[in-house]
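Read through the structure below, which is laid out as structure tokens, and then see the notes.
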There are 2 protein chains.
Amino acid sequence: MAFEKEHKILDGYLRDKGLKQSAQRRDILNAFLKTEGHMTVEDLHKIVKRKNPSIGIATIYRALKMFCECGLCRELRLGDGMIRYEHKYGHAHHDHFTCLKCNKLIEATDPEIERLQEKLARKMGFKLQGHLLILYGLCRECK
Amino acid sequence: MAFEKEHKILDGYLRDKGLKQSAQRRDILNAFLKTEGHMTVEDLHKIVKRKNPSIGIATIYRALKMFCECGLCRELRLGDGMIRYEHKYGHAHHDHFTCLKCNKLIEATDPEIERLQEKLARKMGFKLQGHLLILYGLCRECK
DNA sequence: CAACTTATTGATAATGATTATCAATATCAA
DNA sequence: TTGATATTGATAATCATTATCAATAAGTTG
Ligand SMILES: [Mn+2]
Ligand SMILES: [Mn+2]
Ligand SMILES: [Zn+2]
Ligand SMILES: [Zn+2]
């Protein structure tokens, strides 16, 4: 099943916090790592139930929040009312482009934009700690 | 009370759509235009009630959505669970910086960043129609 | 292993912002 | 003034996320 590194990160986090391991969290982490999308809690719940039909959706909520805390995943608020989650460990920072017609979500980054954000923040006397950039428009197929 | 131009825009929109005028919408528009912040529906409701105590919050929701449709205001989703509204008519496009400590919200723009977003979208075969950029960090007073 | 402490789980209730519904009322054209 | 229809305010519904809680599982100690 692999994903040793990620499970090690989770286990280290649990140990540090005095928490316990559980089969549910392992199942959820495996299911999360096996997908490469931008998953909603409900998406993940459907998938995990195939391996563990008795798992409750509250456990998915709790696990994903925990995975975020230990750096395994990242929350993504695209403004559609639901939080989405994507891989963070082993993935470089990137921003997103969403197609207003087909709702496709595509990853994009421009190091120059990142640098100018830093510069803009500095010019205004701010210490930049993060940013959210979402581009909206029509994708290659829809325009 | 001024704001003739903005009221004219609203009235034109109502006429085009075959809708009717109302004192409530005029009061809400005046209250909205008098503030220069990034207002939540509840904020506006509190303010409008000072002039018109019987106004319901549903009417605020409806009016702000309408103002967005006719280009008078702009929705702002900062990820705090509530939609905020800011002036659009007569205001140039800008992005936002939020302080993670004091929650201050400051406006910022960099034409170079805007241009690079266009360039990035073009390079990926996209037709860019809008973007959301929020910078997070510590403001001058909090850092 | 057995006893015990404490974290986890799943079901379900609560929350809170936004929407939908609806009867009463206001607007406006004729 | 009348009639058609848009608007309003109260309130119920929605829906994603959180909180609650009793039952259970994990892990520690002896
Ligand atoms: Mn992504
Ligand atoms: Mn602004
Ligand atoms: Zn598309
Ligand atoms: Zn600050």
Side-chain angles (χ1 to χ4, degrees), chain A residues 7 10-32 38-70 73-85, chain B residues 7 10-32 38-70 73-85:
Chain A
H7 280 278
L10 176 60
D11 292 350
Y13 177 84
L14 295 174
R15 203 173 315 113
D16 289 353
K17 298 270 182 180
L19 303 177
K20 295 170 182 174
Q21 303 197 343
S22 79
Q24 285 92 333
R25 279 202 282 246
R26 275 190 296 273
D27 290 345
I28 295 167
L29 183 53
N30 282 327
F32 172 66
H38 301 82
M39 314 290 293
T40 208
V41 166
E42 209 188 320
D43 293 340
L44 246 304
H45 188 215
K46 283 206 194 92
I47 294 173
V48 179
K49 275 207 289 197
R50 295 204 286 258
K51 175 131 301 181
N52 182 340
S54 69
I55 202 158
I57 197 164
T59 303
I60 314 283
Y61 274 102
R62 288 185 284 236
L64 286 171
K65 186 178 285 187
M66 174 178 283
F67 298 167
C68 286
E69 275 162 26
C70 62
C73 82
R74 188 159 81 103
E75 233 182 78
L76 207 54
R77 290 167 193 268
L78 299 177
D80 62 350
M82 287 167 290
I83 302 176
R84 288 164 185 281
Y85 295 90
Chain B
H7 280 279
L10 176 60
D11 292 349
Y13 177 84
L14 295 174
R15 202 174 317 113
D16 289 353
K17 297 271 180 178
L19 303 177
K20 295 169 181 175
Q21 302 197 344
S22 79
Q24 286 91 330
R25 278 201 282 246
R26 275 190 296 272
D27 290 345
I28 295 168
L29 182 54
N30 282 327
F32 171 66
H38 301 82
M39 313 291 294
T40 209
V41 167
E42 210 189 317
D43 293 341
L44 246 305
H45 188 214
K46 283 205 194 94
I47 294 173
V48 180
K49 275 206 292 195
R50 295 204 286 257
K51 176 131 301 183
N52 182 341
S54 69
I55 202 158
I57 197 164
T59 303
I60 314 284
Y61 274 102
R62 288 184 285 236
L64 286 171
K65 186 178 285 187
M66 175 178 283
F67 298 166
C68 287
E69 273 162 29
C70 61
C73 81
R74 186 160 82 105
E75 233 182 77
L76 206 54
R77 290 167 194 267
L78 299 176
D80 62 350
M82 287 167 290
I83 302 176
R84 288 165 184 281
Y85 295 89

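The figures that follow rest on heavy atoms only: side chains count, while hydrogens, waters and symmetry mates do not.
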For this session: Decide, yes or no, whether a salt bridge links B/Glu69 with B/Lys65 under the criterion of side-chain N to carboxylate O below 4.0 Å.
Result: no
Problem set entry | Rounded distance in Å - NZ (B/Lys65) to C1' (C/dA17) | 12 Å
Problem set entry | Separation of D/dT8 P from B/Leu64 CG (nearest whole Å) | 12 Å
Exercise. Is it the case that more than 12 heavy atoms not belonging to B/Glu75 sit under 6.0 Å from its CD atom?
Worked result: yes
Exercise. For the residue pair A/Leu14 and A/Met66, what are the closest heavy atoms and their distance?
Worked result: CD2-SD, 3.8 Å
Seminar exercise, completed: DNA chain C nearest-nucleotide lookup for B/Asp80 and A/Thr59: closer to the 5′ end is A/Thr59
For this session: Can you measure from CD1 (A/Ile60) to CD1 (A/Ile55) and round to the nearest 0.5 angstrom?
Result: 4.5 Å
Exercise. What's the shortest heavy-atom distance between A/Val48 and A/Ala31, and which atoms?
Worked result: CG2-CB, 3.5 Å
Exercise. C/dA7 P sits how many Å from A/Leu10 CG, rounded?
Worked result: 16 Å
Seminar exercise, completed: Minimal heavy-atom distance between A/Leu10 and A/Phe67, with the atoms involved, is CD2-CE2, 3.9 Å
Seminar exercise, completed: Interatomic distance, CG@B/Leu29 vs SG@B/Cys70, rounded to 0.5 Å, equals 8.0 Å
Exercise. Taking atom C1' of D/dT8 as reference, at what distance in whole Å does atom CE of B/Met66 sit?
Worked result: 12 Å
For this session: Grab the two heavy atoms, one from B/Arg25 and one from B/Ala63, that are nearest each other, plus how far apart they are.
Result: CG-CB, 4.4 Å
All N/O pairs under 3.5 Å across the protein-nucleotides 10-16 of chain D interface:
from: D/dA16; atom 1: O3'; to: A/Gly81; atom 2: O; distance (Å): 3.4

Exercise. Of all of residues 12-28 of chain B, which get a heavy atom below 4.0 angstrom from DNA chain D, listed by number?
Worked result: B/Gly18, B/Leu19, B/Lys20, B/Ser22, B/Gln24, B/Arg25
